[in-house]
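Predicted model only: the values in this text are computed from it and were never measured. Lettering follows sequence order; numbering is per chain, from 1.
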Amino acid sequence: MTIRIYNSLSRQKEIFEPVENNKVRMYVCGPTVYDSCHIGHARSVVVFDMIYRYLNARGYEVFYVRNFTDVDDKIIARANEAGVSCDEISEKYIKEFHKDMASLNMVSPTMEPRATAHIDQIVNIIAILVKKKYAYVVDGDVYFSVEKYPDYGKLSGRRLEDMVAGSRVEIDPRKQNPYDFVLWKASKPHEPQWDSPWGKGRPGWHIECSAMSAEYLGQTFDIHGGGKDLIFPHHENEIAQSEAAFGETFVKYWVHNGFINIDQEKMSKSLGNFLTIQEIVKTWHPEALRLFLLSNHYRSPLDYTDQAMQEATAGMDRIYGLMGRVAQYLDQPLIRRYGSDGQSALADKTETGRLFLEAMDDDFNTARAIGILFDTVRNINRLIDADEAAKTRASQEQIVTEAVDIFKIGKILGIANLPPDVYFQQKQEKGTGLRKIDPSWVEEKIRMRKQARQNKDFAAADRIRDELLALDIILEDRPGGTIWKMKQ
RNA sequence: GGCGGCAUAGCCAAGUGGUAAGGCAACGGCCUGCAAAGCCGAUAUUCUCCGGUUCGAAUCCGGAUGCCGCCUCCA
């Protein structure tokens with residue numbers, strides 16, 4: 001069994017073989033911390049979170065680095081606007097980022113290095129590039145000379161000549177080639193600055209990733225990830241810098257996730273359709289967002305709409321509804337079995353497990369994997385329908401086995417691992433909070449309806465149910481009593 | 001101008017040579033006082049269009065049309 005990964009560099013799926021047998025070194029470009037995270041960040045982070053979890057579950061020892069870019073023009077601009085220091089801006093948004101990640105049930109990377117904590121390493125690499133004549137110095141700035149690096153363009157599939165022909169890039173007279181990019185920038189008086197052989201300055205954007213990845217993962221590592229938009233120029237430049245400086249292959253597998261559109265439009269601040277993670281999580285359950293984000297293949301574009309979130313919510317309700325049903329059906333808590341089975345993080349003994357592995361091994365095909373998950377949900381529901389009254393030993397065993405598969409799959413996708421009542425509770429709180437509904441009022445209505453039903457006054461009972469439904473409250477009359485759920 | 005991607009039921013979506021997963025919605029049935037939830041059933045003779053290769057193509061090749069992304073900070 002082998003994993004195949006689509007490599008942006010070769011433009012095809014390749015068999016995954018890490019540099020060092022069962023160890024995986026992975027670097028993912030993290031955010032520039034000058035603003036709140038939006039759903040695009042969420043997709044990227046969820047995708048690599050899933051990849052990280054899956055590789056771990058497949059038995060690899062994964063060293064996962066995700067950086068913070070905490071020195072940058074945009075941060076400086078923000079700091080100047082607000083009249084505070086750059087550190088204050090970046091601190092604020094790093095904290096917010098961590099909060100957002102926690103709300104989305106994201107696993108922490110092994111390390112989260114910051115650019116400003118690696119100035120020495122950055123200066124060192126630039127010094128090597130200058131010494132090897134890949135870079136040149138102009139008035140305290142240092143530029144990388146793209147013409148000196150023959151492979152420039154190999155990741156993005158473009159040749160220097162073509163680009164220059166159709167270029168819209170402003171010509172900077174100090175650059176030898178318009179596509180030369182800055183490694184070190186001379187600082188203006190009130191900007192963050194560090195000493196360097198070329199005078200006081202700060203690092204350019206691309207060099208930090210070359211420096212930090214080399215520091216923690218070595219000069220060659222396995223997976224480098226990020227959004228598709230980073231292919232050019234960011235990742236192209238990283239390759240040029242790192243390979244020019246170290247003379248080694250930089251990265252074996254380049255992995256890039258596709259973009260998110262909102263209502264079929266490109267998300268942008270000027271269009272005003274910029275959705276932050278915090279806004280989304282106010283309305284929708286975080287696991288619905290994860291399910292939505294993983295319901296498409298990670299390289300495809302993905303269109304965010306309310307309907308899509310509604311559907312994802314219905315999907316999560318279905319999964320947790322089943323989990324709750326299983327818990328009620330079983331004589332023993334499911335979690336006990338799961339705990340004892342927890343060692344093997346991956347279901348590979350069952351048919352479900354095998355199908356799941358097959359899907360995920362094929363370039364992390366979560367869309368297919370989710371299909372398998374729903375197949376399993378239906379199958380368990382069917383089994384319980386057939387056996388609810390009898391609760392035979394054999395049937396319980398089978399149901400437990402399948403339910404454990406759901407747990408395990410959920411663990412890799414980062415969903416379906418809450419106790420079901422907690423999930424519905426959270427949804428209820430979100431829903432009632434948004435609509436300013438008092439839960440005790442709902443309970444009171446349910447009591448009134450129960451009374452009416454006992455009196456066989458079904459008209460009155462149905463009136464109450466309709467009243468609640470108008471507020472997106474759905475009632476379910478179960479053997480043990482009536483429960484209520486929020487629609488979204 | 002250069003580079004790349006996509007087109008599958010009402011909607012979302014998997015499938016990359018062997019006879020169309022899954023989800024949402026809608027419809028019929030079981031269940032229910034009626035619902036909801038759950039289950040069952042029927043829903044694409046067909047995968048944008050036109051050619052070609054093949055015993056066989058949604059899948060490969062050529063062409064057309066349409067949509068989209070990148071080439072500038074961007075997940």
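B:A75 atom C1' lies 12 Å from atom CG of A:Leu302, rounded to whole Å. One interatomic measurement links the two molecules: OH of A:Tyr298 to C1' of B:G5, which rounds to 14 Å at whole-angstrom precision. Rounded to whole Å, atom C1' of B:C40 lies 17 Å from atom CD1 of A:Ile384.
Among all heavy-atom pairs drawn from A:Asn417 and A:Lys411, the shortest one is ND2-N, 3.0 Å.
Contact of A:Arg368 with B:G22 (side chain to base): no donor-acceptor pair of N or O atoms is detected under 3.5 Å.
Nucleotides B:C73 and B:G22 are separated by 39 Å at their C1' atoms, to the nearest Å.
Crowding of A:Lys391 atom NZ: a count of heavy atoms from other residues, nucleotides or ligands under 6.0 Å exceeding 12.
The aromatic ring centres of A:Tyr304 and A:Phe292 sit less than 6.0 Å apart. A ring-centre distance under 6.0 Å is not found for A:Tyr152 and A:Tyr179.
In the set B:A75, B:G69, B:G33, B:G33 carries the atom at the smallest distance from any side-chain atom of A:Arg449. Of the candidates B:A36, B:U72, B:G38, the closest approach to any side-chain atom of A:Tyr179 belongs to B:U72. Nearest nucleotide to the side chain of A:His41, out of B:C11, B:C71, B:A75: B:A75.
When both distances must be under 3.5 Å, the Watson-Crick or G-U wobble mate of B:U19 does not exist.
Salt-bridge formation is not detected for the pair A:Asp35/A:Lys74: no Lys NZ or Arg NE/NH1/NH2 atom is positioned less than 4.0 Å from an Asp or Glu carboxylate oxygen.
Less than 4.0 Å separates RNA chain B from at least one heavy atom of each of the following residues of residues 462-471 of chain A: A:Asp462, A:Arg465. Of all the residues in residues 277-293 of chain A, not one reaches under 4.0 Å from RNA chain B with any non-hydrogen atom.
Heavy-atom distances to RNA chain B give each of A:Val377 and A:Gln307 a nearest nucleotide, and the one nearer the 5′ end belongs to A:Gln307. Projected onto RNA chain B by closest heavy-atom contact, A:Asp72 and A:Gln264 fall at different nucleotides, the more 5' of which corresponds to A:Gln264.
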